[in-house]
Amino acid sequence: MHVTLPDGNRLDVPEAATGADVARAIGPGLAKAALGIRIDGSLGDLLSEVPGGASVEILTERDGEVVALMRHTLAHVMAQAVTEYFVAQGALPTAIRLGIGPVIENGFYYDFDLPRPLTPEDLEEIEGRMRAIVAADLPLERFPLPREEALGRYRGSGDPYKMELIEELPEGVAITFYRQGGEGGFTDLCRGPHLPSTGRIAPHFKLMSVAGAYWRGDEARPMLQRIYGVAFLTAEALEQHLWQLEEARKRDHRRLGAELDIFVLDEDVGPGLPLWLPRGAIIIEELERLAKEVEEAAGYRRVRSPHLSKEQLLLKSGHLPYYREDMYPPMELENVRYFMKPMNCPFHHKIYAARPRSYRDLPLRLAEYGTCYRYEDSGALMGLLRVRSLQMNDAHIYCTEEQFEAEFMRVIELYFHYFDLFSIDDYVMRLSLHAEEGLGKKYVNSPELWRKTEAMVRQAMAAGGINFVEIEDEAAFYGPKIDVQIQSAIGREFTLATNQVDFAQPGRFGLSYIDENNQRQTPLCIHRAPLSTHERLVGFLLEHYAGDFPLWLAPEQVRVVPIADRHTPFAESLQSRLVKAGVRAEVDARAERMNAKIRDAELYKVPYIAIVGDREVEGETVSFRSRKGPDRNAVPVGAFIAHLRDTIVARSSAVGPLPEAAGG
RNA sequence: GCCAAUGUAGCUCAGAGGUAGAGCAACCGAUUCGUAAUCGGUAGGUCGCCGGUUCAAAUCCGGCCAUUGGCUCCA
């Protein structure tokens with residue numbers, strides 16, 4: 001048989017030649033350097049047979065993708081190390097059961113069922129053993145087994161996980177094993193691909209953590225112990241990765257939230273119930289001001305509703321059957337059960353229903369930033385990104401079917417407006433659909449309405465030229481959902497904007513309008529929250545901006561630093577001029593040196609530090625530091641204030657040039 | 001919810017059965033200074049909570065609470 005090389009030449013090789021044979025046929029030097037092979041574009045290993053006629057390319061350490069082989073082999077090395085480690089402590093080899101050990105971004109993991117929980121010290125020991133296995137340079141071999149024989153290997157050791165994996169492999173697929181270290185060496189069910197020997201693993205790896213993980217992600221099944229590791233081809237790449245983790249830690253919103261006095265979580269208040277400090281409240285109020293301006297211009301009207309309601313409202317909306325697990329339990333008063341509200345929609349439906357509606361009233365857009373309460377799993381809580389008390393940037397749009405597409409697109413345009421304002425350019429739009437199996441359980445049981453509504457949304461998205469992906473079985477219980485996944489600057493992924501199309505609740509609430517022909521009709525409802533919750537948005541923005549908020553959002557916009565006590569009166573008059581102009585300014589009149597005041601203001605990430613001394617007092621000027629522009633000296637106070645005000649009003653995240661009046 | 005780790009002053013951390021510590025922050029005093037930490041002093045704690053073991057517990061044991069990481073990126 002033959003294979004085709006990257007230069008287009010054909011190379012004759014014996015039948016059933018492996019990647020290693022191909023490399024040898026090309027040349028001894030390459031055979032020595034070879035780590036893997038690319039077969040018809042996909043990554044393979046030197047141990048597997050190459051199909052005749054394939055286009056192949058031998059990979060060496062110069063090909064970055066071989067890192068995947070290395071990570072995969074490291075997973076096996078780790079499994080061997082863990083097995084040896086426990087056997088050395090007296091455990092029977094059959095007491096160590098293996099789950100899966102795949103390659104992941106930056107590294108690998110392996111799931112183990114072990115006699116006892118692992119500690120961080122165990123990880124060090126295991127990593128040490130891994131390095132010994134790498135140094136021992138054990139050769140890897142690959143061999144297939146018939147299904148029965150494969151099962152037999154694990155039936156003997158009583159490993160239910162591997163048996164399950166084998167049983168689920170479809171007929172006709174080769175069941176392969178990899179063995180490292182020859183006869184009696186560590187052997188694992190695996191489809192590969194792997195490095196040819198453990199000695200080819202670059203020593204730039206590190207075990208990071210151990211965590212519980214349900215077998216196959218199913219909470220009804222056993223909890224295994226998962227060890228995570230990272231691995232790279234070069235020491236620099238590993239260092240870079242660890243440095244990035246450290247940087248990510250520094251801009252974690254929980255850390256910044258504490259350092260910048262934005263919010264706190266207090267044990268006595270309760271998990272997932274954040275307290276907003278004055279500086280955090282300023283940010284929220286600025287965001288609300290933004291939303292109100294945008295929504296007023298877009299024809300929304302604001303409403304308000306209470307924090308709790310009687311059970312019957314939520315029975316009517318359908319929340320109780322579908323959503324009860326995620327709600328705080330009821331309180332009972334005078335034989336009536338009340339619930340904290342998990343959503344605003346039932347109230348808005350009631351507001352819609354409070355008056356008879358004509359087609360002339362539609363679309364009716366009701367907005368509210370009321371606080372909702374959701375009983376999230378304790379293990380799901382995470383800083384501000386997942387909380388139990390939350391304020392949504394919420395609104396419900398009631399419209400006719402004819403109006404749907406235009407209204408829907410106006411919501412999507414709102415998204416884009418906000419993304420632009422917050423410099424979010426990396427996102428994925430997802431259309432979440434129902435799944436047949438969930439009808440009547442997770443989802444309202446109206447198959448034909450689901451299909452119709454989903455088609456309407458798809459059509460609107462397509463007509464608007466929006467790129468999106470479709471996700472099965474993630475819809476809201478009352479209709480399909482569109483949400484937007486974004487990544488914070490530290491790579492944390494979460495959902496910001498979201499909206500849903502609701503064909504179910506308007507009917508349940510008996511909402512109606514009278515159309516042109518004097519006929520009673522049921523409106524559609526679009527639920528939308530383009531800015532997510534205030535909590536999540538602030539958490540995201542903290543990480544996104546690393547605490548360096550654009551001027552309009554900064555809790556303190558200017559810190560005035562008098563150089564000596566005699567400059568304090570001027571500093572205070574400057575502050576009051578700033579405040580009058582709508583700028584949030586404070587004076588640092590402590591008996592500290594100027595250098596210390598500047599340092600403190602910089603660490604507090606105050607966008608502008610205005611320094612005033614003799615020169616400024618005399619000339620009615622300021623000298624300032626800006627976190628985003630060059631320092632300037634002797635700027636007339638009026639020009640400084642005008643510049644700040646313009647930047648704030650424009651909600652600019654960039655800093656425009658200051659008029660070159662008095663120079664600097 | 002489940003598995004694991006962590007919880008000591010406002011913050012970052014030390015202390016591992018025998019009188020609770022440091023740095024920073026806070027407060028007081030001195031210093032009045034030109035672009036990232038002036039000097040000195042004072043105060044600050046039911047060692048997450050409850051219980052147990054012990055002559056003696058921050059330390060050992062148990063329970064609870066909270067926080068953090070993880071709970072398919074599939075052999």
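What you see below is based on every heavy atom in this structure, not just the backbone, and it leaves out hydrogens, waters and symmetry mates. Throughout, protein chains are lettered first and strands after them, A, B, ... in sequence-line order, and every chain is numbered starting at 1.
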Enquirer: Mind checking who B/C49 pairs with, Watson-Crick or G-U wobble, both distances under 3.5 Å?
Expert: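 Looking at the geometry, B/C49 pairs with B/G63.
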Enquirer: Just so I know, are the side chains of A/Arg97 and A/Phe112 near enough to count as touching, which here means a heavy-atom distance under 4.5 Å?
Expert: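 The answer is no; the side chains never approach within 4.5 Å.
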Enquirer: So A/Arg226, base contact, sugar-phosphate only, or nothing? Heavy-atom distance under 4.0 Å.
Expert: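 Sugar-phosphate, backbone atoms only, no base.
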Enquirer: Quick one: do the A/Arg584 and A/Gln575 side chains pair a donor with an acceptor below 3.5 Å?
Expert: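 Per modelled atom types, A/Arg584 and A/Gln575 side chains form no pair under 3.5 Å.
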Enquirer: Give A/Glu616 one of three labels, base, sugar-phosphate or nothing, depending on what nucleic acid heavy atoms sit under 4.0 Å from its own.
Expert: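 Touches a base.
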Enquirer: Going by number, which of residues 242-263 of chain A have a non-hydrogen atom under 4.0 Å from RNA chain B?
Expert: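 Hits under 4.0 Å, by residue number: A/Arg254.
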Enquirer: Classify A/Ala174 by what it touches in the nucleic acid, base, sugar-phosphate, or nothing, heavy-atom distance under 4.0 Å.
Expert: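 Touches a base.
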Enquirer: With a non-hydrogen cut-off below 4.0 angstrom, is A/Ser623 in contact with a base, only sugar-phosphate, or nothing?
Expert: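 Touches a base.
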Enquirer: Look at all strands and tell whether A/Lys597 reaches a base, only sugar-phosphate, or nothing, counting heavy atoms closer than 4.0 Å.
Expert: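 The answer is nothing, as A/Lys597 stays clear of every strand by at least 4.0 Å.
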Enquirer: Paired with B/A9: which nucleotide, if any, by Watson-Crick or G-U wobble criteria at under 3.5 Å for both distances?
Expert: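 Pairing partner, where one exists within any strand: none, as none qualifies.
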Enquirer: By nearest atom, which of the nucleotides B/U35, B/U38, B/A75 is closest to the A/Leu169 side chain?
Expert: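 Among B/U35, B/U38, B/A75, the one nearest the side chain of A/Leu169 is B/A75.
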Enquirer: Suppose we define a pair by two distances each less than 3.5 Å, Watson-Crick or G-U wobble; what does B/U68 pair with here?
Expert: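 Pairing partner, where one exists within any strand: B/A4.
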Enquirer: So does A/Arg625 pair up with A/Glu602, basic N to acidic O under 4.0 Å?
Expert: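 Yes.
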Enquirer: Contacts to RNA chain B from residues 185-192 of chain A, heavy-atom cutoff under 4.0 Å, which residues?
Expert: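 Output list: A/Leu189, A/Cys190, A/Arg191.
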Enquirer: Can a cation-pi geometry be assigned to A/Arg153 and A/Phe177, taking NZ or CZ under 6.0 Å from the six-membered ring centre and within 45° of the ring axis?
Expert: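 Flagged: A/Arg153 positioned over aromatic ring of A/Phe177.
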Enquirer: Contact class for A/Glu168 (heavy atom, under 4.0 Å): base, sugar-phosphate, or nothing?
Expert: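 No contact.
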Enquirer: For B/G44, which nucleotide is its Watson-Crick or G-U wobble mate, given both distances must be under 3.5 Å?
Expert: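 Paired with no nucleotide.
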Enquirer: Is it possible for you to check whether A/Arg251 lies under 6.0 Å from the centre of the six-membered ring of A/Tyr545, through NZ or CZ, and within 45° of that ring's axis?
Expert: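 Ring-cation test returns no.
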Enquirer: For a quick check, tell me whether the side chain of A/Arg566 and the base of B/U32 share a donor-acceptor pair closer than 3.5 Å.
Expert: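 In this structure, the two groups form no donor-acceptor pair.
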Enquirer: Determine the contact category for A/Leu603: base if any of its heavy atoms lies under 4.0 Å from a base atom, sugar-phosphate if only primed atoms, P, OP1 or OP2 are that close, otherwise nothing.
Expert: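 Base: the residue A/Leu603, judged by heavy atoms under 4.0 Å, touches a nucleobase.
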Enquirer: Counting Watson-Crick and G-U wobble pairs only, both distances under 3.5 Å, name the nucleotide matched with B/A25, or none.
Expert: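 The answer is none; no pair meets the criterion.
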Enquirer: So what does A/Ile563 hit on the nucleic acid, given a heavy-atom distance under 4.0 Å: a base, only sugar-phosphate, or nothing?
Expert: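 Contact class for A/Ile563: base.
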Enquirer: Select base, sugar-phosphate, or nothing to describe what A/Ala591 touches, counting heavy atoms under 4.0 Å on all strands.
Expert: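 Contact class for A/Ala591: base.
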Enquirer: Show your reasoning for whether side-chain contact (heavy atoms from CB on, under 4.5 Å) applies to A/His204 and A/Leu233.
Expert: CA-CA 7 Å; A/His204 315 300; A/Leu233 289 176; 6.0 Å; no
Enquirer: Once you apply a heavy-atom cut-off of 4.0 Å, does A/Val173 come out as touching a base, just sugar-phosphate, or nothing?
Expert: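 Counting heavy atoms under 4.0 Å across all strands, the contact made by A/Val173 includes a base.
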Enquirer: Assess, by modelled atom type and distance only, whether the side chains of A/Thr495 and A/Gln485 contain a donor and an acceptor separated by less than 3.5 Å.
Expert: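 Side-chain D/A pair, A/Thr495 to A/Gln485: present.
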Enquirer: Please determine, for the side chain of A/Ile598, which listed nucleotide (B/C2, B/U35, B/U38) has the closest atom?
Expert: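 Selected nucleotide (nearest to the side chain): B/U35.
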Enquirer: What does B/A14 pair with, Watson-Crick or G-U, if both distances are under 3.5 Å?
Expert: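 The answer is none; no pair meets the criterion.
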Enquirer: Return the pairing partner of B/U38 with a 3.5 Å limit on both distances, Watson-Crick or G-U wobble; otherwise return none.
Expert: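 Per the H-bond distance test, B/A30.
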Enquirer: If each of A/Gly270 and A/His76 is mapped to the nucleotide of RNA chain B with the nearest heavy atom, which maps nearer the 5' terminus, i.e. the 5' end?
Expert: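 Taking each residue's closest nucleotide, the earlier one in sequence belongs to A/Gly270.
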Enquirer: Answer with base, sugar-phosphate or nothing: what part of the nucleic acid does A/Tyr228 contact at a heavy-atom distance below 4.0 Å?
Expert: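 The residue A/Tyr228 makes sugar-phosphate contact but no base contact.
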Enquirer: Sort out the partner of B/A58 for me: Watson-Crick or G-U wobble, both distances under 3.5 Å, none otherwise.
Expert: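 Checking every strand shown, B/A58 finds no partner, since no pair has both distances under 3.5 Å.
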Enquirer: Run A/Arg116 and A/Asp122 through side-chain contact (heavy atoms from CB on, under 4.5 Å) and show every step you take.
Expert: CA-CA 11 Å; A/Arg116 63 166 177 85; A/Asp122 291 327; 2.8 Å; yes
Enquirer: Just checking A/Asp614: base, sugar-phosphate only, or nothing, at a heavy-atom cut-off of under 4.0 Å?
Expert: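 Counting heavy atoms under 4.0 Å across all strands, the contact made by A/Asp614 includes a base.
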Enquirer: Without hydrogens or angle criteria, can the side chains of A/Tyr214 and A/Arg216 be said to hold a donor-acceptor pair below 3.5 Å?
Expert: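 Result is no, nothing qualifies.
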Enquirer: What nucleic acid atoms does A/Asp377 come within less than 4.0 Å of, heavy atoms only: base, sugar-phosphate, or nothing?
Expert: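 Base contact.
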Enquirer: Mind checking if A/Ile609 touches a base, just sugar-phosphate, or nothing, with heavy atoms under 4.0 Å?
Expert: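 Answer is nothing: A/Ile609 stays at 4.0 Å or more from every strand.
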